Amino acid sequence: MTNPIKIVIAGPRGRMGREAVKMVTSQRHFQLVAVIDKENDGKQLSEVESEFQGVDCLIYTDIHTCLKHTEPDCLIDLTVPEAAFYHAKSALELNVRPVVGTTGISPDELEELKALANEKKLGCIIAPNFAIGAVLMMKFSQMAAKYFGDVEIIELHHDGKLDAPSGTAIKTAEMIHEYREPKQQGHPNETEKLTGARGAELYGMHIHSVRLPGLIAHQQVIFGAKGETLTIRHDSYDRSSFMTGVKVSVETVMKLDGYVYGLENILD
Ligand SMILES: NC(=O)C1=CN([C@@H]2O[C@H](COP(=O)(O)OP(=O)(O)OC[C@H]3O[C@@H](n4cnc5c(N)ncnc54)[C@H](OP(=O)(O)O)[C@@H]3O)[C@@H](O)[C@H]2O)C=CC1
Ligand SMILES: O=C(O)C1=N[C@H](C(=O)O)C[C@H](O)C1
């Protein structure tokens, strides 16, 4: 058998990080060598929460120390945008391949990661959504945008989410923009009687963000034309829905020699 892929996970106590720890430790061709957290430096992951019992790996709070000591192949980051950028950049500098699911990283920072990964010829995957169904929702929306010029995006998430709009909504608008004739939507003289009533705007498309307890991650893309509408909707009811994409990304990042933004670019 070939050597397992050595992995570090940043953000193991988070909603996504927990799922990632479960997924990585369930795969024989993956080896979780360490985690990066904000606290508990030097402790075993199994010591800090009963959920991690039997998971044998050390917690580091400093990424440089972690990567130098454990020499992983890949870093999975599921944290917050400021940490994710720093982690991904540090990983690339130390020849470790990042797989980043964290959303909210600025376009300038993404450009910096892209330049660094391409210059070093190192695999780096940034994916705003790892769920296969969400990728299909974005691709179908892109197809529909050829025929329907008017579109609004409604994303719905749990109320623990920090960034709005979601990374998926931004990526969807970017993908639609590639296919859609530029267009200003709605009445040219429309006015907002309450600020924000028409949502955020990206490339002339409106994006509406809903935050409610009970939700996980959902999005609908509504197209309108004369006498008809088309709604494309995706729902993640469980965070395990993201793990197929994380697994494929880790496997694929090892074969890449540069930067990829979006899971759709690595799926067949
Ligand atoms: N690409 C995808 O498919 C998906 C992406 N996401 C994105 O993933 C990210 C995480 O989401 P979620 O798990 O719900 O968020 P959580 O808030 O549940 O988890 C984030 C974790 O990161 C930790 N953290 C913060 N800063 C650091 C740091 N400097 N070093 C190490 N750990 C740190 C937090 O610790 P503490 O709580 O102590 O601050 C927390 O445990 C978000 O950006 C979200 O949008 C989410 C779902 C799917
Ligand atoms: O924070 C979340 O939960 C999610 N974040 C990602 C995003 O911002 O698009 C992916 C998914 O929607 C869940």
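This is a predicted model, so every value here is computed, not measured. Every number for a ligand or one of its atoms is a count from 1 in the order of the listing. Residue numbers run from 1 in the order of the sequence given.
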Fill in: Location of contacts on Ala127 toward ligand 1, heavy atoms closer than 4.0 Å
backbone
Worksheet entry | No-hydrogen, no-angle side-chain donor-acceptor test under 3.5 Å, Glu201 and Gln184 | yes
Discussion item. Can you name the atoms of ligand 2, numbered from 1 with element, that are less than 4.0 Å from a heavy atom of Lys161?
Written reply: 1 (O), 2 (C), 4 (C), 5 (N), 6 (C), 7 (C), 8 (O)
Discussion item. Pairs of nitrogen or oxygen atoms closer than 3.5 Å, one from Gly167 and one from ligand 2: do any exist?
Written reply: yes
Worksheet item: Salt bridge between Lys22 and Glu51, side-chain N to carboxylate O under 4.0 Å?
Response: no
Discussion item. If we only consider heavy atoms of Met16, is any one of them less than 4.0 Å away from an atom in ligand 2?
Written reply: no
Worksheet item: Should Thr103 be counted as touching ligand 2, given the test is an N or O pair under 3.5 Å?
Response: yes
Worksheet item: Starting from atom 13 (O) of ligand 1, which protein heavy atom do you reach first, and at what distance in Å?
Response: Met16 N, 2.8 Å
Discussion item. Heavy-atom distances under 4.0 Å decide this one: backbone, side chain, both or neither, for Pro128 against ligand 1?
Written reply: backbone
Discussion item. What I want to know is whether Ala83 and ligand 1 share at least one N or O pair that is separated by under 3.5 angstrom.
Written reply: no
Worksheet entry | Polar proximity ligand 1 side, Lys161 side, N/O cut 3.5 Å exclusive | yes
Worksheet item: Is the shortest distance from atom 34 (C) of ligand 1 to a protein heavy atom below 4.0 Å?
Response: no
Worksheet item: How far is atom 12 (O) of ligand 2 from its nearest protein heavy atom, and which residue and atom name does that atom have?
Response: His157 NE2, 2.6 Å
Fill in: Salt bridge Glu190-Arg198, side-chain N to carboxylate O under 4.0 Å
yes
Worksheet entry | Identity and distance of the protein heavy atom lying nearest atom 15 (O) of ligand 1 | Arg15 NH2, 3.6 Å
Fill in: Audit row: Gln219, Ile153, side-chain contact (heavy atoms from CB on, under 4.5 Å) steps and yes/no
CA-CA 7 Å; Gln219 180 169 292; Ile153 299 170; 3.7 Å; yes
Worksheet item: Should Val80 be counted as touching ligand 1, given the test is an N or O pair under 3.5 Å?
Response: no
Response to the item:
for atom 7 (C) of ligand 1, nearest protein heavy atom and its distance come out as Gly101 O, 3.5 Å
Discussion item. For Glu93, is there an ion pair with Lys120 - N to carboxylate O distance below 4.0 angstrom?
Written reply: no
Practice prompt. Look only at interatomic distance and state if Phe242 has a nitrogen or oxygen under 3.5 Å from any nitrogen or oxygen of ligand 1.
Written response: no
Practice prompt. Look at atom 9 (O) of ligand 2 and say which protein heavy atom is nearest, naming residue and atom and giving the distance to 0.1 Å.
Written response: Thr168 OG1, 2.4 Å
Worksheet, complete the sentence: The protein heavy atom nearest to atom 10 (C) of ligand 2 is Pro128 O, 3.2 Å
Worksheet item: Using 4.0 Å as the upper bound for N to carboxylate O, is an ion pair formed by Lys43 and Asp41?
Response: no
Discussion item. Between Lys247 and Glu251, does any side-chain N to carboxylate O distance fall below 4.0 Å?
Written reply: yes
Discussion item. What I'd like to find out is whether the side chain of Thr172 reaches to under 4.5 Å of the side chain of Val221, using heavy atoms alone.
Written reply: yes
Item to complete: Could you list which atoms of ligand 2 come closer than 4.0 Å to a heavy atom of Ala217?
Response: 11 (C), 12 (O), 13 (C)
Discussion item. If I apply the N/O under 3.5 Å rule, does Glu39 come out as touching ligand 1?
Written reply: no
Worksheet item: Is Lys161 paired with Asp159 through a side-chain N to carboxylate O contact shorter than 4.0 Å?
Response: no
Worksheet item: Quick one: do Arg13 and Asp37 make a salt bridge, cutoff under 4.0 Å?
Response: yes
Item to complete: Would you mind checking which non-hydrogen protein atom is closest to atom 3 (O) of ligand 2, with the distance to 0.1 Å?
Response: His158 NE2, 2.9 Å
Fill in: Taking atom 39 (O) of ligand 1 as the reference point, the nearest protein heavy atom with its distance
Lys38 NZ, 2.8 Å
Worksheet item: So, Arg211 and Glu155, do they make that salt bridge, N to O below 4.0 Å?
Response: yes
Worksheet item: Numbering the atoms of ligand 2 from 1, which are under 4.0 Å from a heavy atom of Asn129?
Response: 10 (C), 11 (C), 12 (O)
Item to complete: Could you say whether the N/O atoms of Ala10 and ligand 1 ever approach to under 3.5 Å?
Response: no
Worksheet item: Does Gly17 reach ligand 1 with a nitrogen or oxygen that is under 3.5 Å from one of the ligand's nitrogen or oxygen atoms?
Response: no
Practice prompt. Would you check the N or O atoms of Arg239, main chain and side chain alike, for any that come under 3.5 Å of an N or O of ligand 1?
Written response: no
Worksheet, complete the sentence: Nearest heavy atom to atom 43 (O) of ligand 1, choosing from Thr103, Val99, Asp163, belongs to Thr103
Discussion item. Which option wins on minimum heavy-atom distance to atom 10 (C) of ligand 1: Asn129, Val100, Thr102, Thr79?
Written reply: Thr79
